[in-house]
Amino acid sequence: MKKSEKALQLLQALDEIYPQAHCALNYQNPWQLLVATILSAQCTDVRVNIVTAELFRVLPDAKAMAEASQEQVEELIRTTGFFRNKAKNLIHCAQQVLTLHQGEVPADLKSLVALSGVGRKTANVVLGNAFQIPGMVVDTHVKRLVRRFGWTKSDNPEQVEKELSKLLPESTWIQCSHTLIAHGRACCKAPTPICSACPVVALCPRKGVNKSK
DNA sequence: ATCCCGAGGG
DNA sequence: CCCTCTGGAT
């Protein structure tokens with residue numbers, strides 16, 4: 001069987017085990033998803049949703065965010081961590097969306113990555129979930145799992161994204177990230193995967209490398 | 001202690 | 001390539 005066929009077989013098995021995998025961030029429009037995704041760095045989605053409930057009430061759109069003070073935004077997002085950097089990026093990002101894109105979040109990778117605080121991971125989350133434009137989201141979970149699966153040997157997120165995009169059909173990209181992340185959280189953890197309870201151990205090249213429980 | 005759906009700067 | 005930024009959860 002070809003490498004891409006094997007990968008697809010494993011992915012389809014995971015899709016059946018995690019059919020409910022989806023973007024767990026709360027948002028009502030592309031701008032709010034962009035904000036929530038920026039806040040999600042090194043923070044759980046549950047915590048982001050707690051913070052954005054109040055944040056979106058006080059500062060509902062890019063215009064309000066662009067006019068807010070650094071101190072106000074810091075206070076609203078403090079518990080998500082990295083709050084100084086995130087506040088600075090959010091305000092600058094909002095100003096860029098207003099001046100460069102007439103207040104609308106752009107729907108292409110190049111424009112998104114040019115925004116303050118937005119890297120390829122965040123850009124692909126917004127493209128896939130707000131605009132239904134396929135993009136491979138390579139975060140820490142996705143990178144760890146696909147390396148364990150032997151789908152790539154690269155440690156560079158952008159290189160991993162490139163190789164995955166070649167290996168998997170475009171139609172799988174959006175859901176695939178959610179599925180891999182769900183499995184990464186539930187089972188294929190860093191640094192010790194729970195191989196004895198893994199539903200796809202038979203399809204994994206490591207075949208249960210972690211023998212402890 | 002270690003991890004959480006990273007990005008920017010040196 | 002490395003470092004820094006940060007609080008919360010377990």
Side-chain angles (χ1 to χ4, degrees), chain A residues 11 14-15 18 20-27 30 32-55 70-71 73-97 109-131 134-149 152 154-161 164-165 172-194 210 212-213:
Chain A
L11 190 57
L14 286 176
D15 273 330
Y18 306 99
Q20 78 299 343
H22 67 289
C23 180
L25 298 170
N26 294 335
Y27 62 96
Q32 292 190 351
L33 176 59
L34 179 58
V35 172
T37 308
I38 288 173
L39 292 178
S40 73
Q42 297 302 98
C43 180
T44 62
D45 291 350
V46 173
R47 167 73 31 202
V48 171
N49 288 335
I50 291 170
V51 165
T52 53
E54 172 71 1
L55 179 66
Q70 172 82 21
E71 295 71 36
V73 177
E74 283 185 6
E75 200 51 45
L76 285 163
I77 69 170
R78 178 175 302 275
T79 60
T80 65
F82 296 167
F83 63 88
R84 293 189 195 89
N85 281 339
K86 287 176 181 176
K88 180 167 49 133
N89 286 332
L90 283 174
I91 293 168
H92 189 212
C93 178
Q95 292 167 348
Q96 290 173 307
V97 167
L109 187 63
K110 202 170 175 182
S111 302
L112 282 166
V113 171
L115 297 172
S116 189
V118 180
R120 297 184 69 89
K121 181 261 169 178
T122 299
N124 281 322
V125 168
V126 172
L127 282 179
N129 295 282
F131 297 117
M136 271 301 317
V137 173
V138 177
D139 62 15
T140 173
H141 290 296
V142 172
K143 191 180 83 171
R144 183 178 72 253
L145 266 66
V146 300
R147 283 166 56 82
R148 287 176 178 170
F149 293 162
T152 177
S154 174
D155 195 42
N156 175 291
E158 191 167 341
Q159 180 65 24
V160 173
E161 183 191 327
L164 286 186
S165 301
T172 66
W173 292 358
I174 296 175
Q175 185 55 34
C176 145
S177 305
H178 295 134
T179 303
L180 291 174
I181 289 162
H183 185 56
R185 283 177 171 167
C187 181
C188 198
K189 303 181 183 188
T192 50
I194 311 169
N210 177 27
S212 65
K213 53 175 183 179

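Note that the coordinates shown come from a computational prediction; the quantities given were computed from them, not determined experimentally. In what follows, chains carry the letters A, B, and so on, assigned in the order in which the sequence lines appear, proteins first and then strands, with residues in each chain numbered from 1. Any value given below was found using the heavy atoms of this structure, including those in side chains, with hydrogens, waters and symmetry copies removed.
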Subject >> Side-chain donor/acceptor of A/K86 to backbone N/O of A/T80, under 3.5 Å >> reply: yes

**OP:** Look at all strands and tell whether A/R185 reaches a base, only sugar-phosphate, or nothing, counting heavy atoms closer than 4.0 Å.
**Re:** base

Original post:
Just how far, in rounded Å, is P of B/dG10 from CG of A/N85?
Top reply: 12 Å

Original post:
Which atom names give the shortest non-hydrogen contact between A/V51 and A/I77, and what distance separates them?
Top reply: CG1-CA, 3.8 Å

Original post:
Any donor-acceptor pair under 3.5 Å linking the side chain of A/N26 with the backbone of A/N49?
Top reply: no

**OP:** Could you go through the side chain to side chain contact (heavy atoms under 4.5 Å, CB included) check for A/K143 and A/D155 one step at a time?
**Re:** CA-CA 8 Å; A/K143 191 180 83 171; A/D155 195 42; 3.3 Å; yes

Original post:
In whole Å, what separates the P atom of B/dG10 from that of C/dT6?
Top reply: 15 Å

Original post:
How would you give the extent of chain A contacts on DNA chain C, as first and last nucleotide 5' to 3' within a 4.0 Å heavy-atom cut-off?
Top reply: C/dC5 to C/dA9

**OP:** Return yes if some donor-acceptor pair links the side-chain N/O of A/R148 with the main-chain N/O of A/C188 below 3.5 Å, else return no.
**Re:** yes

Subject >> Nearest-angstrom distance, P atom, C/dC5 to B/dC5 >> reply: 23 Å

Original post:
Rounded to the Å, how far apart are A/L25 CG and B/dC5 C1'?
Top reply: 8 Å

**OP:** Find the distance A/D155:CG to B/dG6:P and express it as a whole number of Å.
**Re:** 15 Å

**OP:** Determine, stepwise, if the pair A/Q70 / A/I91 fulfils side chain to side chain contact (heavy atoms under 4.5 Å, CB included).
**Re:** CA-CA 8 Å; A/Q70 172 82 21; A/I91 293 168; 4.1 Å; yes

**OP:** Considering just the side-chain nitrogens and oxygens of A/H141, establish if one lies under 4.0 Å of OP1 or OP2 belonging to B/dC4.
**Re:** yes

**OP:** Report the distance from atom CD1 of A/I38 to atom C1' of B/dG8, rounded to the nearest whole Å.
**Re:** 13 Å

Subject >> Which residue lies more 5' along DNA chain B, comparing A/G184 with A/N89 via nearest heavy atoms >> reply: A/G184

**OP:** Please assess A/N129 against A/H178 for the test side chain to side chain contact (heavy atoms under 4.5 Å, CB included), listing each intermediate value before the final yes or no.
**Re:** CA-CA 11 Å; A/N129 295 282; A/H178 295 134; 3.1 Å; yes

Original post:
Could you state the CG-C1' distance from A/L39 to B/dG6, rounded to the nearest angstrom?
Top reply: 12 Å

Original post:
Between B/dA7 atom C1' and A/L34 atom CG, what is the distance in whole Å?
Top reply: 13 Å

**OP:** Classify the nucleic acid contact of A/T122 as base, sugar-phosphate or nothing, counting any heavy atom under 4.0 Å across all strands shown.
**Re:** sugar-phosphate

Original post:
To the nearest Å, how far apart are A/R84 CZ and B/dG8 P?
Top reply: 18 Å

Original post:
When we call it a touch if two heavy atoms are under 4.0 Å apart, what does A/V46 touch: a base, just sugar-phosphate, or nothing?
Top reply: nothing

**OP:** For A/H92, report the nucleic acid contact type (base, sugar-phosphate, nothing); a contact means any heavy atom under 4.0 Å.
**Re:** nothing

Original post:
Taking for each residue the nucleotide of DNA chain B bearing the nearest heavy atom, is the 5' side occupied by A/R120 or by A/A190?
Top reply: A/A190

Subject >> Rounded interatomic separation in angstrom, taking NZ from A/K88 and P from B/dG8 >> reply: 10 Å

